[in-house]
2 protein chains.
Amino acid sequence: MRAALRSQLVTDGVAPECATTIELVRDVLGRVGDKWTVLVITALAEEPLRFTALHERIAGVSQRMLSQTLRPLTRDGLVTRTAYAEVPPRVEYALTPLGRSLGDAVTHVVRWVQDHQVEIARNRDGFDGAATDPK
Amino acid sequence: MRAALRSQLVTDGVAPECATTIELVRDVLGRVGDKWTVLVITALAEEPLRFTALHERIAGVSQRMLSQTLRPLTRDGLVTRTAYAEVPPRVEYALTPLGRSLGDAVTHVVRWVQDHQVEIARNRDGFDGAATDPK
DNA sequence: CTGAATCCTTGTTGATACTG
DNA sequence: CAGTATCAACAAGGATTCAG
């Protein structure tokens, strides 16, 4: 199964139909790895939120980055964007079932980090110590 | 549990000990989201490989990016680096159990993409169609 | 209120060349 | 063989300003 995973990811000698899958995998993984997407998903997982509310909950995000993060999520159907024709305008973002299921998948990785953070920190100390103290 | 996840990720009003966890989560997620790490992990999941072998298997990676990808993985204890004192030099990289377990966690996300790629593509078409065809 | 447009700074990537 | 050093190109992120 791991070989099957690799066959989906590797780019040398890919079959043409596979090329689109590997691109999509990279696209989504890159999304998950970016600075704000996971925070947006987890924030929306609690409850639907309007733009400003999101902006307030996610500390440090700029308006620009927030809308840049939301657009591809909306495009992929991970979140819905509902604009109410009022003045002042009101736009509510909510997580779709699809987005929720991605959040669940990502949770595995997040939990992995939490479960292994001590071990990782210890490894880093050992590595850095060996580098500076080569005795 | 989802609220717990969010409490680990969000940066506003964090407890001091949490700050290091959220940084680590971002660090690892960023790693997973970069261009080469997942490919390296999946390649090494099959068998230990030397530098050149990795370089050949992962199409498109430069020597520079490969060593830049390998160093943090080694530092965190996800892969081992064994240098044999020979001429010519030989260095073998292998996945540790820790690295293997991260690969398993990431597999959930990869499988999620595979399972939902059609739905995502359909959503994108709809989104793009609505943008260009506002009738 | 909800963004889009602009500018600017920084970080990331890749090509190339060089070393133990 | 297994990298490091250097440089140029580019993308990402943030601050600010403007608009519907």
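Worth knowing before you read on, the calculation uses all heavy atoms, side chains too, and leaves out hydrogens, waters and symmetry mates. From a predicted model like this one, the values you see are computed outputs, not experimental measurements. Below, read A as the first sequence line, B as the second, and so on, with proteins coming before strands; counting in each chain starts at 1.
- Between A:F51 and B:K35, it is A:F51 whose nearest contact on DNA chain C lies nearer the 5' terminus.
- Here A:R57 pairs with A:E47 in a salt bridge; the nearest charged N to carboxylate O distance falls below 4.0 Å.
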Item to check | B:T82 and B:V91: CA distance, side-chain angles, deciding distance, side-chain contact (heavy atoms from CB on, under 4.5 Å) verdict | outcome: CA-CA 5 Å; B:T82 11; B:V91 178; over 6 Å; no

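- Ionic pairing of A:R71 and A:D76 is not present here: no N-O contact between side-chain nitrogen and carboxylate oxygen is shorter than 4.0 angstrom.
- Comparing B:R50 and A:V61 by the nucleotide of DNA chain D that holds the closest heavy atom to each, the one mapping nearer the 5' end is B:R50.
- Looking at A:D27 and A:R31, a side-chain N of the basic residue comes within less than 4.0 Å of a carboxylate O on the acidic one, giving a salt bridge.
- By the side-chain hydrogen bond (donor to acceptor under 3.5 Å, both in side chains) test, A:T74 is found to be paired with no residue, residues two or more places apart in sequence or in another chain being considered.
- Under the 3.5 Å distance criterion, the side-chain polar atoms of B:T37 are left unmatched by any main-chain donor or acceptor of B:D34.
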Review item, nucleotides 4-11 of chain C N/O atoms under 3.5 Å of protein N/O:
from: C:dT6; atom 1: O4; to: A:R64; atom 2: NE; distance (Å): 3.1

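- With a cutoff of under 4.0 Å to any heavy atom of chain B, the contacted region of DNA chain D is bounded 5' to 3' by D:dC1 to D:dT6.
- B:L29 and A:V38 make their closest contact through CD1-CG2, 4.0 Å (heavy atoms, listed as atom of the first residue, atom of the second, distance).
- Residues from residues 75-93 of chain B placing a heavy atom under 4.0 Å of any atom in DNA chain C, listed by number, are B:P89.
- Rounded to an integer number of Å, the gap from A:H55 NE2 to C:dG3 C1' is 11 Å.
- Residue pairs satisfying the side-chain hydrogen bond (donor to acceptor under 3.5 Å, both in side chains) criterion with at least one member in residues 85-99 of chain B, sequence neighbours excluded, are listed as follows: B:R81-B:Y93, B:E86-B:R90.
- Annotation: cation-pi pair A:R64/A:W36 absent, no NZ/CZ under 6.0 Å from the ring centroid and within 45° of its normal.
- Checking B:T21 against A:Q114 by side-chain atom types alone, no donor-acceptor pair falls below 3.5 Å.
- The aromatic rings of B:F51 and B:H55 sit parallel to each other, their planes meeting at less than 30°, with 60° as the upper class boundary.
- Rounded to 10 degrees, the angle between the two end axes of the helix from C:dC1-D:dG20 to C:dG20-D:dC1 is 40°, with five pairs used at each end.
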